[in-house]
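Ligands are counted one by one from 1 in listed order, and the atoms in each one are counted from 1 as well. Just so it is clear, the values below take in all heavy atoms, side chains as well, and ignore hydrogens, waters and symmetry mates.
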Amino acid sequence: MAASDPAQILRTAEGQVPGVHRWRVGAITITAIADGYAPLPMAVVPQADPAVATELARKFYAPEDHLQCVINTFVIQTPTRRIMVDTGFGALGAGHSGKIWENLRAAGIDPGSIDVLYITHGHPDHTSGMLAIDGSAGFPNAELFIHQNEVAYWGDEAQASRAPEEQKSWFDIFRRSVAAYRGRTTLIDRDGLEIVPGLRVRELFGHTPGHSGLHIADGGEQHLFWTDIVHFQHLQFPRPDWGVGFDADPAQAIKVRSAMLDEVSTDRMTISGTHLVFPGFGHVRREGDAYAFEAARWNYES
Ligand SMILES: [Zn+2]
C-alpha cells in the first residue's frame, strides 16, 4: 500500500494526516486541499527591514532564516456544480509541495468530477497542477475560467522577454497549462461575474494584472476567498505595506491589500487565502494601524 494512502497514514500514527479541511457557507461546502508549502528566501519580501522581520518571525513562531510559502487549493461544492480553485504546484512540486493529487484522493474527490476550474492568476504555484503528470488536462471534464487580463499578460511575448530570468519559465508553464483547456475556456471580463450561482469574481488587480478572488454567498452567509492578498501572514498583517518581489504592480498590490484588510475587518467577514497557513480560514482583526489574523475554530457543523 502506498505511503500516501490516507488510511495507511492514519493506521501507522506517523507522518502527517491528509491536508483536507471543510468549511460551510450556507448550502455551499468549501474543501481546502493542501498542496503543501515552498521554502523561499527572505529577499522575496523586498521592503522588509531584516531586524523587524526577525522580530515578527520570533513573535509569531515562524522560521527566522527563510520564508515558508504555504499553498492551499480549494474545491467548492455548490448544490449543482463542483469547482476546483487553483491547482498548486501539482506535478512541478518538490519536497513539501505538489500534494494536491494525494489530498484530493483523501478528500474523495476525483479530478474527473470537477465541472469548473477557476484559476485566480498565472503564477506557477496556482497553475502547475492544471496539467496531469503526462501533460494532459489534469481536470479532463472541467471548463476553465480565468481573467482575460491574465491570458493577455502571460501570452505577451514582449512581457516574457522583459521578465527576470527566473520568471521566464512561468510564461511557458502558463501557456501550456491554458492550452490544455482550449475550446472550453471562458475569459472573465468583469468584476462581479457569476461563475456559478453563489460564486462571483472579485477583481483584486495588483499582484498580477488579472489577479481575482471569489465572493461566495448562500443562505444569507458570505465568505471571501482573497487568493494572494497575503503571502506571509506573520509579516503582512502587521505590515500590510510590505509586498512580495513578484508583485506585477507593487504599489497597486499594497493598495488592494490595505483596502481588503480594511473591508473584511470592518465587515467581520470570514476569509480564506491561498497562502494563509493551512487550511487558511479565519477573520481579520484591526490592531491599531495594522491587522492580525484570527484562525477559524474547528467546527463539525461549519
Ligand atoms: Zn501565489
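- Take the Zn ion (ligand 1) as the corner point: the lines to NE2 of H126 and to NE2 of H275 open at 110°, to the nearest 10 degrees.
- The N, O or S atom of D228 with the smallest distance to the Zn ion (ligand 1) is OD2.
- The salt bridge (charged side-chain N to carboxylate O under 4.0 Å, His left out) test with E263 is passed by exactly one of R268, R202, R286: R202.
- Not one N, O or S atom of H123 sits under 2.8 Å from the Zn ion (ligand 1).
- The number of heavy atoms from other shown groups lying within 6.0 Å of CZ (R58) does not exceed 12.
- Looking only at its N/O/S atoms, D125 has OD2 as the one nearest to the Zn ion (ligand 1).
- Atom CZ of R22 and atom OG1 of T31 lie 3.5 Å apart (nearest 0.5 Å).
- A salt bridge is absent between K168 and D172: the closest approach of a Lys/Arg side-chain nitrogen to an acidic carboxylate oxygen does not fall below 4.0 angstrom.
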